[in-house]
Amino acid sequence: MPSPAPEETPETEPRGTMFLGASRVTGGGAGLSAVGADDFVADPALQQEMFGAAALVVRCRDLGQVADVLRALEGQLTATVHTAERDLDAAHALLPVPERGAGRVLFNGWPTGVEVGHAMVHGGPFPATSDGRSTSVGSLAIERYLRPVAYQDLPAELLPRPPADGNPEGLWRRVDGVPGRH
């Protein structure tokens with residue numbers, strides 16, 4: 001049974017917040033809290049990112065209030081939609097909101113694991129990332145960390161092997177704007 005926030009800290013606890021497990025989510029233990037959507041939207045402290053074994057359930061009356069709650073959040077690295085097949089129409093109606101607020105949208109899954117793949121990004125709008133034009137994972141991360149060097153009029157014998165004439169490494173590259181292994 002949930003219990004109200006401790007009496008001794010009413011000025012620090014959002015109105016209507018309930019706690020299960022730990023006495024406070026920020027107290028260092030596992031915790032589950034719940035709050036109404038109106039209180040969540042009105043209190044920026046509730047909208048802060050949490051790490052660890054803690055969760056905040058935001059109770060909403062309808063889909064419009066769910067959208068209001070999602071729009072209240074700042075940019076996020078990921079957004080996860082958990083739903084059943086019977087609620088796919090509702091999920092479809094709400095999907096544009098997390099698409100605008102996160103760099104990666106998951107469906108009925110958990111944001112664990114990343115790989116260097118073309119479909120993988122890990123970024124999002126500020127403050128999830130300081131620059132949404134790049135990512136730290138996936139194939140696009142290569143561009144973030146790449147430091148291109150151009151060699152002009154360098155004698156062939158001084159060129160490093162990757163850009164050397166004849167392509168001794170057999171790498172994909174562009175020569176005169178044409179991609180290939182030339």
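What you see is a predicted model, and the numbers here were worked out from it, not measured in a lab.
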- Across all chains, not counting sequence neighbours, the salt bridge (charged side-chain N to carboxylate O under 4.0 Å, His left out) partners of D87 are none

- Message: Checking R86 now: which residues fulfil salt bridge (charged side-chain N to carboxylate O under 4.0 Å, His left out) with it, not counting sequence neighbours?
- Response: none

- Task: Could you tell me the separation between the CG atom of D68 and the CZ atom of F40, rounded to the nearest 0.5 Å?
- Result: 11.5 Å

- Message: For V41, give me all partners under side chain to side chain contact (heavy atoms under 4.5 Å, CB included), at least two apart in sequence or on another chain.
- Response: V69, A72

- Query: Hey, are the side chains of V81 and L106 touching, using non-hydrogen atoms and a 4.5 Å cut-off?
  - Reply: no

- Is any side-chain heavy atom of L88 less than 4.5 Å from a side-chain heavy atom of T83? yes

- Hey, is the main chain of E74 close enough, under 3.5 Å, to the side chain of Q47 for a donor-acceptor pair? no

Exercise: identify the closest heavy-atom pair between [X] and [Y]:
| X | Y | result |
| --- | --- | --- |
| T78 | A102 | C-CB, 3.8 Å |
| P162 | L171 | CB-CD1, 3.7 Å |
| A67 | L94 | CB-CD2, 3.8 Å |
| P168 | D165 | CD-O, 3.9 Å |

- Message: For the CD atom on E85, are there more than 12 heavy atoms of other groups (residues, nucleotides or ligands in this structure) within a distance under 6.0 Å?
- Response: no

- Query: Can you tell me if CG on D62 sees more than 12 non-hydrogen neighbours from other groups inside 6.0 Å?
  - Reply: yes

- Item | Joint cluster assignment, L70 & L63, ILVMFWY side-chain distance < 4.5 Å | yes

- Query: Under a single-linkage definition using a 4.5 Å side-chain heavy-atom cutoff for Ile, Leu, Val, Met, Phe, Trp and Tyr, are V97 and V105 assigned to the same hydrophobic cluster?
  - Reply: no

- Mind jotting down which residue pairs meet the side chain to side chain donor-acceptor pair (under 3.5 Å) criterion with at least one end in residues 169-182? Sequence neighbours excluded, please. R161-E169

- Item | R59 and D38 ion-paired at < 4.0 Å | no

- Task: Please identify each residue that fulfils side-chain hydrogen bond (donor to acceptor under 3.5 Å, both in side chains) with N167, with sequence neighbours left out.
- Result: none

- Message: With ring-ring contact (aromatic ring centres under 6.0 Å, His included) as the rule and sequence neighbours excluded, what pairs involving residues 68-93 come up?
- Response: H82-W110

